[in-house]
Protein chains: 2
Amino acid sequence: MTRDEILEAAAQIFSQKGFHATSMQDIAQAVRLQKASLYHHVSSKQEILLAVLDQAMAMLIARMQQVMAQPTPPDVKLRQAMEAYLTTMLEHRDLAAVLLLEHRSLQPEFQARHFPRRDRFERLWRDLIQDGVDQGVFDCRDPSMSGRALLGVLNWTITWYRPEGALAAETISHLFADLFLQGLLKR
Amino acid sequence: MTRDEILEAAAQIFSQKGFHATSMQDIAQAVRLQKASLYHHVSSKQEILLAVLDQAMAMLIARMQQVMAQPTPPDVKLRQAMEAYLTTMLEHRDLAAVLLLEHRSLQPEFQARHFPRRDRFERLWRDLIQDGVDQGVFDCRDPSMSGRALLGVLNWTITWYRPEGALAAETISHLFADLFLQGLLKR
DNA sequence: GATACCCTACCGAACGGTCGGTCGGCAATA
DNA sequence: TATTGCCGACCGACCGTTCGGTAGGGTATC
């Protein structure tokens, strides 16, 4: 039994029942250990949550920076970023769900460590949109608010997406990208 | 002390700390009662949650049906619906936050009662978009997915909006409506 | 080859504390 | 006298965490 296996199991149960509704007993049972044995690998339940959050952020940041670093036109880059973000999230739904919905269960000292990382990540999106505006490709009154809208569309997906559903992550990301770039109105 | 005051206080604390992190003690303290006294007004903690969810749904449905019932062009109606939804949500942030984020803390029997109502509500949005497509005002490949995107933008607002921020609910709703209808691309 | 030692992984039992919820009774009102 | 609203005391269950101990494999010493 490794620490990573424990984190993975914990993420799965956290994403299903929520952090506070999950007991150390639940996690121990999932990895077929006694709950006392968990403390050989982790120091507290809060530490598990923080580690899961860190893992999720690291994965998303790595995947996004690949896209962001390319010298691509803003509209194409936005499409790529959306696809990268959505596919990564939906491939690791447990991690993503915990990241997006359970961060408020962190104790304050850990939140202080986590929030700056998250803010830096969200700024990537805002900057991407701002670039598009500066280069005359995008037209929008409030780039910061457009960024929030975009993250809303993408993040909310975690609340309704089911892998057995008909649509693949790529398909969804294309539909969302078309909608977000072209708008709903007929032209 | 009335039942409604208890529900209101509970909603506020639920929205702040989450359902499972909130104790009956917390709620009692907020309304300056002893914990035992709460049970004179409500039958269980779960019942409080269900009541709060019901209240939130009822409020949103009432407000939305006013807009939906009008014989207005789909694009205008969509703008109005977005504004109605967002202003109602942000005026009653506690209720809305519990509705959107805590429904999974409901015990299964109560979820079975709640989810159909929520699904019916979400179908209102999808139908509105479908109407727009049928009337040739909207252009979209997958109305159901556009509805999900729209609800994502709107619902996610509850996670970042702070009333002391610069933007009023109406302003935000107008920005989102422009973005959603026209798209981000310059034309 | 036998002995002593240590380390990793694990477990059973128990800790203090908090949880949601119950119960009998008190005081005010009608 | 009956009812309503409230409270103090209490319950069993479960919580996260700690502790002492153990099984087993490696490893250095004799």
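We name chains A, B, ... by the order of the sequence lines, and we start the count at 1 in each one. Since we're looking at a predicted model, the values are computed, not measured.
The pair Arg104(A)-Glu102(B) counts as a salt bridge, with a side-chain nitrogen and a carboxylate oxygen less than 4.0 angstrom apart.
Considering CG of Leu38(A) and CZ of Arg3(A), their distance stands at 11.5 Å, rounded to 0.5 Å. Put simply, CZ on Phe121(B) and CE on Met64(B) are 5.0 Å apart, with the number rounded to the nearest 0.5 Å.
For DNA chain D, the contact window with chain A, defined by any atom under 4.0 Å from a protein heavy atom, covers dC15(D) to dC19(D) in 5' to 3' order.
Met57(B) and Val67(B) fall into different hydrophobic clusters, where Ile, Leu, Val, Met, Phe, Trp and Tyr residues are linked whenever their side-chain heavy atoms come under 4.5 Å apart, directly or through other members. Under the 4.5 Å side-chain contact rule for hydrophobic residues, Val76(B) and Leu78(B) do not share a cluster.
Within the structure, no pair that satisfies the salt bridge (Lys or Arg N to Asp or Glu O under 4.0 Å) test touches residues 164-174 of chain A, not counting sequence neighbours. Listed by first and then second residue, the ring-ring contact (aromatic ring centres under 6.0 Å, His included) pairs that reach into residues 92-120 of chain A are His103(A)-Phe115(A), sequence neighbours excluded. Sorted by first and then second residue, the side-chain hydrogen bond (donor to acceptor under 3.5 Å, both in side chains) pairs involving residues 31-40 of chain B (not counting sequence neighbours) form an empty list. Pairs of residues two or more places apart, or lying in two chains, that qualify as side-chain hydrogen bond (donor to acceptor under 3.5 Å, both in side chains) and include a residue from residues 17-29 of chain A are Lys17(A)-Asp26(A), Ser23(A)-Asp26(A).
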Problem set entry | Canonical and wobble pairing (Watson-Crick, G-U, under 3.5 Å) of DNA chain D, dot-bracket with | | ||||||||||||||||||||||||||||||
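Contacts of residues 48-55 of chain B with DNA chain D (heavy atom under 4.0 Å): none.
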Which atom pairs, one a donor and one an acceptor, fall under 3.5 Å between side chains of residues 123-138 of chain A and the rest of the protein, sequence neighbours left out?
unit_1: Gln130(A); atom_1: NE2; unit_2: Asp134(A); atom_2: OD1; d: 3.0

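Looking only at side-chain heavy atoms (C-beta outward), Leu95(A) and Leu53(A) stay at 4.5 Å or farther from each other.
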Exercise. Going 5' to 3' along nucleotides 24-30 of chain C, which nucleotides have protein heavy atoms under 4.0 Å from the base (write B), which only from the sugar-phosphate (write S), and which from neither (write -)?
Worked result: -------
For this session: Sugar-phosphate means primed atoms, P, OP1 and OP2; the rest is base. With that split, encode nucleotides 8-20 of chain C 5' to 3' as B, S or - using protein heavy atoms under 4.0 Å.
Result: SBSBBB-----SB
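His174(A) meets the ring pair (Phe, Tyr, Trp, His ring centres under 6.0 Å) test with no other residue; sequence neighbours excluded. Take Arg79(B) and apply the salt bridge (Lys or Arg N to Asp or Glu O under 4.0 Å) test, not counting sequence neighbours, and it matches Asp178(B).
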Problem set entry | Chi angles and distances behind the salt bridge (Lys or Arg N to Asp or Glu O under 4.0 Å) call for Asp54(B), Arg113(B) | CA-CA 10 Å; Asp54(B) 272 0; Arg113(B) 262 204 261 168; 5.4 Å; no
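When all heavy atoms of Ala10(B) and Ile48(B) are compared, the pair lying nearest together is CB-CG2, 3.5 Å.
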